[in-house]
Amino acid sequence: MSNNNTKIPQSISKKNESEKIHRFVIAGGSYAAISAIKVLGNDILPRMIADKSSNFKIAITVIAPNREAYWNVAAVRIISEVDLLETNTKQLFYPLVDTFKQYFPPEYLHGLNIIQGKVISVDPETNTVSYIRLDDNGPANDDFNFLGQELFYDSLILATGASSSSAAFKLNGTSEESKSALRELHNSAHAAQSIAIIGGGGVGVELAGELGYKYGKTKKITLFTELGRALQYLKPKISEKAIKRLEELGVETVVNHRAVSIVRDDDSYEIQSPNTEEEHPHEYNNDITASKTHKSTSNELKPLTSTSTNGRLHKLIHLHHGNTHGDNGTFNESSSDNSSQGSLDTESSTLDNSTHNYNHDLSKFPTYHKKPSRTTITFQDGSKATYDCCIPATGNTPNTQYLPDGTLDSEGYVLADSYLRMLNDNPNKNIYVIGDLLSGGRETMADISNSQILSLKATLIHDVVDSSYPLKKYVISPPSYLVPISKKGGVGTMNGFTVPSVVVTMMKGRDFRMEESHKYLE
Ligand SMILES: Cc1cc2nc3c(=O)[nH]c(=O)nc-3n(C[C@H](O)[C@H](O)[C@H](O)COP(=O)(O)OP(=O)(O)OC[C@H]3O[C@@H](n4cnc5c(N)ncnc54)[C@H](O)[C@@H]3O)c2cc1C
């Protein structure tokens, strides 16, 4: 993976003046980009090599924020069984550089260039893309990177897909971000007593099935869907089966509930008082503030506050018992601000040394426990629900902000002609579109590999190598959906036929096709 390539690759020999380099730029680093690379390696390059009369060479630059591709098909299983990140990492994450280089003979590898970055604009008139370089922590920290770098292309393939509600479900950034999001959702669901899943599409239903299978008997799990039924793209009978299956696993499905806001309360406290008369622990929310002048007593229930050196206010979560050193005591905080950890600023604290002697038996003080954060969901009808863990699975947003408005449909997807050339603002007819960002596409990996790529291949051969090569129209693939609902069953449809539950398990639910991932990502 090259991180410092700011120029167009120039390394291809120019001994022969008539030699021309055709520069492909691919934006994106997931299923669609990998499919495009395969076409360039398997179909374009061999034709160029075979055509002895031409002196064409190709140079390929891929720009993507991620360095690894991600088998997100298994996302819901990983949230339930997070150890898969370690045990099956090779089936889940594929280094792009290893995948790409397989498709080019060694003597052509110098023409392959991979940039960790993000496309920020395209100028179709001058055939240039602008991008900023990234590393795994964000924008690369070097001079003028923030201004963007420019790259010339002869052909530009847009494969920047669509982002999901959580990086757990898709590559919204680096693969490390996706791994963190998967771990976070796993931990949050594991710690929760109640779990809400927002979104009754395939991802929401699959996730509800996974979590229901694991926790349905011990936790409250609710699937909210904005429509009258889940899996609205399947026949009503299939939806009913899915809801029944979820019910058997202990998941309640609530229909006609459109969530309009999801607010996580990160500052929820449970305070255990040493006063035995206090039967129920109190809950404190964000709006509770402690008086600076308050003199705390052992039986009062007030959140403690301290001010860190940067002046921010923190709530103190837990007072260690057994501190007998006569100092200010040590505290664990939820704050990530290290400057305030383990110390208490007595000036601003409600714990005032003049009224407290820390040689006291500290078991008389209340103990502050950080509770698992709670999330309040507000629905369109004004009703609210509060859950320990809330996982939105509410669909995708196309990653097309770098394109002019005129190139997009009303939802931000890229308009293309029947041969996957960008429809508008494409004066040189050399910008192509593939994957989830395509307007009118199916937004499935299957559609990319069964249908879109066949059309793109023909168009690229026709436009770049051989104008007599027949074009092939993109025809959206027939709807085929397999929706496992736990390891033990599921629903689905293929080419209009209902798929029996046992077949869904065999084809997908068993391992979410991890064994096949290499066919798509390698
Ligand atoms: C949980 C889940 C399960 C799924 N299961 C299935 C399934 O079983 N079968 C199926 O057929 N489909 C499935 N899908 C759909 C499938 O994931 C998508 O169709 C597929 O990811 C689309 O691939 P893509 O390459 O077009 O885009 P994406 O996968 O969205 O990737 C976009 C790429 O572009 C990069 N990018 C974004 N912005 C920029 C930028 N400005 N510049 C450069 N690069 C950028 C991203 O980092 C990423 O590398 C599932 C989807 C989800 C969310």
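Counting convention: from 1, in listed order, for ligands and their atoms alike.
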- Message: Taking the six-membered ring for Trp, are Phe512 and Trp71 closer than 6.0 Å centroid to centroid?
- Response: no
- Message: Please tell me if atom 14 (N) of ligand 1 is touched by the protein, where touching means a protein heavy-atom distance below 4.0 Å.
- Response: no
Closer than 4.0 Å to some heavy atom of [X] - which atoms of ligand 1 meet that?
{"X": "Gly29", "value": "33 (C), 34 (O), 48 (C), 49 (O)"}
{"X": "Lys118", "value": "40 (C), 41 (N), 42 (N)"}
{"X": "Gly28", "value": "34 (O), 35 (C), 43 (C), 44 (N)"}
{"X": "Ile448", "value": "22 (C), 23 (O), 26 (O)"}
{"X": "Glu443", "value": "15 (C), 19 (O)"}

Return yes or no for this condition: an N or O of [X] is under 3.5 Å from an N or O of ligand 1.
{"X": "Arg513", "result": "no"}
{"X": "Asp436", "result": "yes"}
{"X": "Pro65", "result": "no"}
{"X": "Ala64", "result": "no"}
{"X": "Ala446", "result": "yes"}
{"X": "Lys508", "result": "yes"}
{"X": "Ser164", "result": "no"}
{"X": "Ala32", "result": "yes"}

Tell me which protein heavy atom sits closest to [atom], plus the residue, atom name and distance to 0.1 Å.
{"atom": "atom 17 (O) of ligand 1", "result": "Asn72 ND2, 2.9 Å"}
{"atom": "atom 6 (C) of ligand 1", "result": "Val73 CG2, 3.8 Å"}
{"atom": "atom 31 (O) of ligand 1", "result": "Ser30 CB, 3.1 Å"}
{"atom": "atom 48 (C) of ligand 1", "result": "Asn66 OD1, 3.7 Å"}
{"atom": "atom 41 (N) of ligand 1", "result": "Val119 O, 3.1 Å"}

- Task: Check each of Leu45, Ile49, Asp43 against Arg47 using the side chain to side chain contact (heavy atoms under 4.5 Å, CB included) test, and report the only one that passes.
- Result: Asp43
- Among Val254, Ile197, Ile198, find the residue that satisfies the side chain to side chain contact (heavy atoms under 4.5 Å, CB included) test when tested with Thr222. Val254
- Message: For Ala69, which part has a heavy atom under 4.0 Å from ligand 1: side chain, backbone, both, or neither?
- Response: neither
- Please work out whether any backbone atom (N, CA, C, O) or any side-chain heavy atom from C-beta onward of Val203 is under 4.0 Å from ligand 1, and answer side chain, backbone, both or neither. side chain
Side chains of [X] and [Y] only: does a donor on one sit below 3.5 Å from an acceptor on the other?
{"X": "Asp447", "Y": "Tyr474", "value": "yes"}
{"X": "Thr128", "Y": "Asp123", "value": "no"}
{"X": "Asn428", "Y": "Tyr153", "value": "no"}
{"X": "Glu443", "Y": "Tyr413", "value": "yes"}

- Which atom of Leu521 lies closest to which atom of Thr99, heavy atoms considered: O-OG1, 2.9 Å
- Query: Can you tell which of Gln193, Glu210, His190 makes a side-chain hydrogen bond (donor to acceptor under 3.5 Å, both in side chains) with Tyr215?
  - Reply: His190
- Message: Between Glu240 and Lys237, does any NZ, NE, NH1 or NH2 come within less than 4.0 Å of an OD or OE carboxylate oxygen?
- Response: no
- Task: May I ask which of Lys170, Met445, Arg442, Gln116 has a heavy atom nearer to atom 12 (N) of ligand 1 than the others do?
- Result: Met445
- Task: Could you tell me whether the side chain of Tyr233 reaches within less than 4.5 Å of the side chain of Thr493, counting heavy atoms only?
- Result: no
